[in-house]
Amino acid sequence: MTLRLYNDLTRKKEPFVPIREGEVAFYVCGPTVYDYFHIGNARPFIVFDVLRRYMEHLGYRVTYVQNFTDIDDKMINRAHEMGISVQELAERFISAYREDAEALGVRRPTHSPRATHHIDDIIALIKRLVEKKHAYVVDGDVYFDVQSFPDYGKLSQQSLEDLQSGARVDIDIRKKHPLDFALWKAEKPGEPSWESPWGRGRPGWHIECSAMSTAMLGPTLDIHAGGSDLIFPHHENEIAQAEAATGMPFVRYWIHNGYLMIDQEKMSKSLGNFLTARAARGKYPPLAIRLFMLSAHYRSPINFSEEGLLQAKSAAERLRNCSLELDEALRGKTASGHSPLVEEIAGHRQAFMAQMDDDFNTAGALGSLFETVRAVNGHIKEELLPSRAGLEAARRFLDEAEEVMGVIKAPVADDPDRERIERLIAERDEARKVKDFTRADALRDALASEGIILEDGSQGTRWKREI
RNA sequence: GGCGGCAUAGCCAAGUGGUAAGGCAGAGGACUGCAAAUCCUUCAUCCCCGGUUCGAAUCCGGGUGCCGCCUCCA
């Protein structure tokens, strides 16, 4: 089986073939660090992190680059509002980003370049575009000349005319074409600026991604990903800038995730209908948030709702319970020799991989994972001793799935309250022995209110925390 | 106006020509002091109309409804 990905450039699923065998140059548009990111922004971060993990699992060496936009209009305005420098603002929200991303199980990118650390790369790229007559200078601003790039619109499948006719852009008479966009913006008083061949100024938004991605990954990337709302104009512009400058294809596979909706509307900062990732992870377990994001195909819209998150939470608990159950069974007595469970697990694992290979169908893959759960639970419940080989096969597959999706294990951390909890459980067991169920249930309820769940089994009482 | 997406059980959702995965919730049963967890059983003909086909949720045509991009936006 080979991995196939839907490529927005060709509008087809295509076998994934990297430029350099065994390696993947992968770029994802990162956040503008002027505020906390919301749960809609979190979708690409989580979903593409899983794609990265899956590719690593397949054995690819993935160089995963996700930028921080730390200079633009929003940064400047917010810094003014807050009475701090743009740089301070950036530092603050880069740390916030990292805390939230880590809490959501998103792995650190290989590189996290910041626009302000790559001004030289950006200037060099603009210079090249000016030299090649793909850009022109007006009063210290530099604009990209869209009419000089015949392929403009190839990603969004729109001609210049189409784009222009629906455009809601203010006409700027200094521009040759209304869709020409700023590569460099001349300095304004009170704004951060850098020296350049066109005078002091700062980079436009689109240029940073072209400059940093090619600087770190070479002229042609294997994968460039981001939200669908970036297709036009951001990614279209990135293509124009990079290809006009290098004359080489910029990206082989363009991948875009669907929106996160709320009340049938796209969640977005400007609509004000957002929930920050920070608030969301205070309200719902990260495992549930991840499972929720992976429960639909990455290109479909997904509706954020209380009910949806609670469903995901219950489902995540089922996965976690199975994993705990499996560990316990492995610590106990087991039978040697063959068991059909081994083959059954192998089948589910194969299905899981096939789903992931098919344009990264996480929802389908989760189906196989849950079928594994049922098989394992059923096997453990049987009267006979569970099969060592079967349990081990299951453990290996669950670990593998966990490595890729990160939806099974709750964060472990030794529980600081362990002694106290176990003392209370012992007390409850005493009460149960003498049939003082009122007292036993009161103790159980007290623990439950702290999020501690008790399970009475034939081997005694077990406890676990809510996920 | 241009471009694109979606419509599958109470809810979420996979499936894109061969007779409907999975999850959540519900019902019945097993287990339990009661729960919890778990297991077993049960729960849909795929928005509408027409067509192609031996056969369609899946293809084609026509509707209806919802969403998005064309401005900053993941």
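Below, each value reflects all heavy atoms present in this structure, side chains not excepted, and no hydrogens, waters or symmetry copies.
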When rounded to whole Å, the CD to C1' distance for the pair A:Q164 and B:rU71 reads 14 Å
Mark yes or no: A:K185 above the aromatic ring of A:Y143, with NZ or CZ under 6.0 Å from the six-membered ring centre and no more than 45 degrees from the axis. no
Residue list, ring pair (Phe, Tyr, Trp, His ring centres under 6.0 Å) with A:Y36, at least two apart or on another chain: A:F93
Strictly by Watson-Crick or wobble contacts shorter than 3.5 Å, is anything paired with B:rG50, and which nucleotide is it? B:rC60
Does the structure show a Watson-Crick or G-U wobble partner for B:rA37, both distances under 3.5 Å? Name it, or say none. none
Using a 4.0 Å heavy-atom cut-off across all strands, classify A:L324 as base, sugar-phosphate, or nothing. nothing
Any-strand Watson-Crick or G-U partner of B:rC72, both distances under 3.5 Å: none
Tell me which of A:Y6 and A:Y34 sits closer to the 5' end of RNA chain B, going by the nucleotide each one is nearest to. A:Y6
With both distances kept under 3.5 Å, what pairs with B:rA25, Watson-Crick or G-U wobble? none
If I take atom CZ in residue A:F304 and atom C1' in nucleotide B:rC11, what distance separates them, rounded to the nearest angstrom? 16 Å
Of A:A440 and A:G258, whose nearest nucleotide on RNA chain B comes first from the 5' end? A:A440
P atom, B:rU71 versus B:rC49: distance in rounded Å? 40 Å
Between B:rG5 (P) and A:R299 (CZ): distance, integer Å: 10 Å
Could you check how far CD1 of A:I231 sits from C1' of B:rC69, rounded to whole Å? 8 Å
As a test of understanding, state which of A:E307, A:E306, A:E466 forms a salt bridge (charged side-chain N to carboxylate O under 4.0 Å, His left out) with A:K313. A:E466
When all nucleic acid strands are considered with a 4.0 Å heavy-atom cut-off, which category describes A:Y259: base, sugar-phosphate, or nothing? base
Could you check whether A:M261 gets within reach of a base, just the sugar-phosphate, or nothing at all, counting any heavy atom under 4.0 Å? sugar-phosphate
Base partner of B:rA9, which must satisfy Watson-Crick or wobble distances under 3.5 Å: none
Can you check the distance between B:rG61 and B:rA14, where both ends of the measurement are the C1' atom (answer in whole Å)? 27 Å
Does the ring centre of A:Y97 sit less than 6.0 Å away from the ring centre of A:F68? yes
Please classify the nucleic acid contact of A:G308 as base, sugar-phosphate, or nothing, using heavy-atom distances under 4.0 Å. nothing
Which residues satisfy the salt bridge (Lys or Arg N to Asp or Glu O under 4.0 Å) test with A:R318, sequence neighbours excluded? none
Please work out if A:P31 contacts a base, only the sugar-phosphate, or nothing of the nucleic acid, heavy-atom cut-off 4.0 Å. nothing
For nucleotides 45-48 of chain B, give me every protein contact, N/O to N/O, under 3.5 Å, one pair per line with atom names.
none

For nucleotides 16-31 of chain B, give me one character per nucleotide, 5' to 3': B if any protein heavy atom sits under 4.0 Å from the base, S if the only such contacts are to the sugar-phosphate, - if neither. -----BSBBS------
Mind telling me whether A:Y27 and A:H224 have parallel, tilted or perpendicular rings, with 30° and 60° as the class edges? tilted
Under a 4.0 Å heavy-atom cut-off, which of residues 143-155 of chain A touch RNA chain B? none
Measuring only between side-chain heavy atoms, which start at C-beta, is A:M405 closer than 4.5 Å to A:L294? yes
Mind checking whether A:Y64 and A:F48 have ring centres under 6.0 Å apart? no
Counting only Watson-Crick pairs (N1-N3 plus N6-O4 or O6-N4) and G-U wobbles (N1-O2, O6-N3), all under 3.5 Å, who is the partner of B:rG17? none
Can you see whether A:F437 has A:R432 sitting over its ring - NZ or CZ less than 6.0 Å from the centre and within 45° of the normal? no
OH of A:Y97 versus P of B:rA74: gap in Å, rounded? 12 Å
Across the strands shown, which category fits A:H234 at heavy-atom distances under 4.0 angstrom: base, sugar-phosphate, nothing? nothing
Classify A:K74 by what it touches in the nucleic acid, base, sugar-phosphate, or nothing, heavy-atom distance under 4.0 Å. sugar-phosphate
Yes or no on ring pair (Phe, Tyr, Trp, His ring centres under 6.0 Å) for A:F360 and A:Y298, after CA distance, side-chain angles and deciding distance? CA-CA 8 Å; A:F360 189 43; A:Y298 74 92; 5.5 Å; yes
When the C1' atoms of B:rC72 and B:rU16 are compared, how many Å lie between them, rounded to an integer? 36 Å
May I ask whether A:F437 stacks on the base of B:rG33, given the cut-offs of 5.5 Å between ring centres and 30° between planes? yes
Is there a side-chain polar atom (N or O) of A:N377 under 4.0 Å from OP1 or OP2 of B:rA37? no
Under the 6.0 Å and 45° cation-pi test, does A:K266 pair with A:Y259? yes
Rounded off to whole Å, could you give me the CG-to-P distance for the A:L104 and B:rA74 pair? 16 Å
How about A:H235 and A:H206: are their ring centres within less than 6.0 Å of each other? no
Pairwise P distance for B:rA27 and B:rA13, with rounding to whole Å: 24 Å
Steps toward side chain to side chain contact (heavy atoms under 4.5 Å, CB included) verdict (A:F397, A:L369): CA-CA 9 Å; A:F397 174 44; A:L369 194 53; 4.0 Å; yes
For A:N257, answer base if it contacts any base atom (sugar-phosphate contacts may also be present), sugar-phosphate if it contacts only those atoms, and nothing otherwise; contact means non-hydrogen atoms under 4.0 Å. base
Is it true that a side-chain atom of A:E243 and a backbone atom of A:F250 form a donor plus acceptor pair closer than 3.5 Å? yes
Using atom P in both nucleotides, what's the gap between B:rC12 and B:rC67 to the nearest angstrom? 16 Å
Pick the P atom in B:rA7 and in B:rC47, then give their distance to the nearest Å. 8 Å
The single option from A:R53, A:R107, A:K409, A:R52 passing salt bridge (charged side-chain N to carboxylate O under 4.0 Å, His left out) against A:E403: A:R107
If you check the A:E265 side chain, which of B:rC3, B:rU71, B:rG68 turns out closest? B:rG68
Are A:D8 and A:Y253 close enough that a side-chain donor and a side-chain acceptor fall under 3.5 Å? no
Mind checking whether A:E325 and A:V376 have side chains closer than 4.5 Å, heavy atoms only? no
On a whole-Å scale, what distance lies between the C1' atoms belonging to B:rU53 and B:rC59? 9 Å
Whole angstroms only, please: what is the NE2-C1' distance between A:H379 and B:rC39? 14 Å
What's the gap between B:rU42 and B:rG51 when it is taken at their C1' atoms, as a whole Å value? 38 Å
I need the CG-P distance between A:L163 and B:rU71, as an integer number of Å. 8 Å
Anything under 3.5 Å between a protein N or O and an N or O of nucleotides 34-36 of chain B, put it in a table, one pair a line.
| from | atom 1 | to | atom 2 | distance (Å) |
| --- | --- | --- | --- | --- |
| B:rC34 | O2 | A:R444 | NH2 | 2.6 |
| B:rC34 | N3 | A:R444 | NH1 | 2.8 |
| B:rC34 | N3 | A:R444 | NH2 | 3.3 |
| B:rC34 | N4 | A:D456 | OD2 | 2.9 |
| B:rA35 | N6 | A:D456 | N | 3.4 |
| B:rA35 | N6 | A:D456 | O | 3.0 |
| B:rA35 | N1 | A:D456 | N | 3.1 |
| B:rA35 | N3 | A:R444 | NH1 | 3.0 |

